[in-house]
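Structure record follows, encoded as structure tokens.
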Amino acid sequence: DAGITQSPRHKVTETGTPVTLRCHQTENHRYMYWYRQDPGHGLRLIHYSYGVKDTDKGEVSDGYSVSRSKTEDFLLTLESATSSQTSVYFCAISEGVQDTGGYTFGSGTRLTVV
Amino acid sequence: AQSVTQLGSHVSVSEGALVLLRCNYSSSVPPYLFWYVQYPNQGLQLLLKYTTGATLVKGINGFEAEFKKSETSFHLTKPSAHMSDAAEYFCAVSGVNTGFQKLVFGTGTRLLVSP
């Protein structure tokens, strides 16, 4: 979607290696989120950020860390990738759900851990 | 904590038929409710939302949904399906105990439209 980009779009990595996914926004929105999408589970929140250096865990945060050193960038790191982290990862942004009524999503990163 | 249940992982309709996708939520206070659509290999796109006010909300592409507090439901409907409606649809909820800033998604319903 315009204003939010994820990189890379596809990645294959080996078990045990660290991986970093990037989410970049040009909307100057306060809130940023990382979700993973898996069949039968819908989207599950990994971590989110409510400002620079302000982050919090979601429901499936084990094995993941995040950083937000600038408003526009939100990085998701898999410390040591496992096959269970094979998934499609979506970044989302929001200026405030109460005000704008929802998120804007990126196009996703398909990660395969072999 | 809020949660949503989407009944039916797959729904099949014929082109021109009524579309009904079901969503029930659990929340101790009136939540905010959303429907998103996902086309293949794309991110999610907001269809419509209920926050406050009118309980019947209209969205893009002819979809609408009605918030029914007594039934804790927010079902998505469209009077006449089009082939281009084939996609996956997600219901989502946010509530006061998360400051309304975190959405909890259902598991999704894939809509199949046949000619």
Side-chain angles (χ1 to χ4, degrees), chain A residues 1-7 9-10 21 23-25 27 29-51 54-61 66 87-110, chain B residues 1-10 21 23 25 29-54 57-60 65 67 74 87-110:
Chain A
D1 201 278
I4 177 172
T5 55
Q6 293 184 233
S7 58
R9 290 296 311 276
H10 303 271
L21 308 182
C23 178
H24 178 77
Q25 62 149 326
E27 305 296 322
H29 284 348
R30 177 182 178 188
Y31 299 92
M32 299 185 76
Y33 308 82
W34 278 107
Y35 283 83
R36 60 178 289 175
Q37 182 180 21
D38 303 289
H41 292 278
L43 281 83
R44 293 178 291 175
L45 182 64
I46 305 171
H47 282 279
Y48 72 104
S49 170
Y50 46 96
D54 291 323
T55 64
D56 204 354
K57 296 179 179 179
E59 64 179 306
V60 290
S61 60
V66 291
S87 187
V88 180
Y89 292 86
F90 285 99
C91 178
I93 61 174
S94 170
E95 186 48 35
V97 172
Q98 285 174 284
D99 298 324
T100 64
Y103 297 168
T104 300
F105 280 88
S107 299
T109 294
R110 184 174 296 275
Chain B
Q2 291 85 24
S3 66
V4 289
T5 301
Q6 292 185 241
L7 296 176
S9 59
H10 292 80
L21 305 182
C23 173
Y25 68 90
V29 296
Y32 291 177
L33 294 158
F34 308 83
W35 276 99
Y36 283 84
V37 60
Q38 184 181 33
Y39 298 102
N41 299 313
Q42 294 186 26
L44 280 72
Q45 176 183 1
L46 181 66
L47 265 182
L48 49 79
K49 64 182 186 288
Y50 169 78
T51 52
T52 58
V57 293
K58 296 184 184 299
I60 61 172
F67 170 60
F74 191 59
E88 189 155 22
Y89 293 80
F90 292 92
C91 183
V93 63
S94 71
V96 64
N97 66 342
T98 61
F100 293 99
Q101 300 309 333
K102 289 190 287 186
L103 297 189
V104 175
F105 287 84
T107 53
T109 298
R110 186 168 299 278

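Reminder, nothing fancy here: chain letters follow the sequence lines and each chain counts from 1. Just so it is clear, the model here is predicted, and its values are computed rather than measured.
- Here the straight-line distance linking atom CG of B/Leu103 with atom OH of A/Tyr33 works out to 6.5 Å at 0.5 Å rounding.
- Of the inter-residue distances, the one linking B/Thr107 atom OG1 with A/Leu43 atom CG reads 10.5 Å to the nearest 0.5 angstrom.
- Contact between A/Lys57 and B/Lys102 at its shortest, heavy atoms only, is O-NZ, 4.4 Å.
- Counting all heavy atoms, side chain and backbone alike, A/Phe90 lies closest to B/Gln38 at CZ-NE2, 3.3 Å.
- Residue-environment remark: CZ (A/Arg44) exceeds the threshold of 12 foreign heavy atoms within 6.0 Å.
- For chain A, no part of B/Gln45 is nearby; none of its heavy atoms comes within less than 4.5 Å.
- With a threshold of 4.5 angstrom between heavy atoms, A/Tyr35 approaches chain B through side-chain atoms but not through N, CA, C or O.
- Proximity to chain B is limited to the side chain of A/Gln37, based on heavy atoms less than 4.5 angstrom apart.
- Listed for the B/Tyr36 side chain is a donor-acceptor partner under 3.5 Å among the backbone atoms of A/Tyr103.
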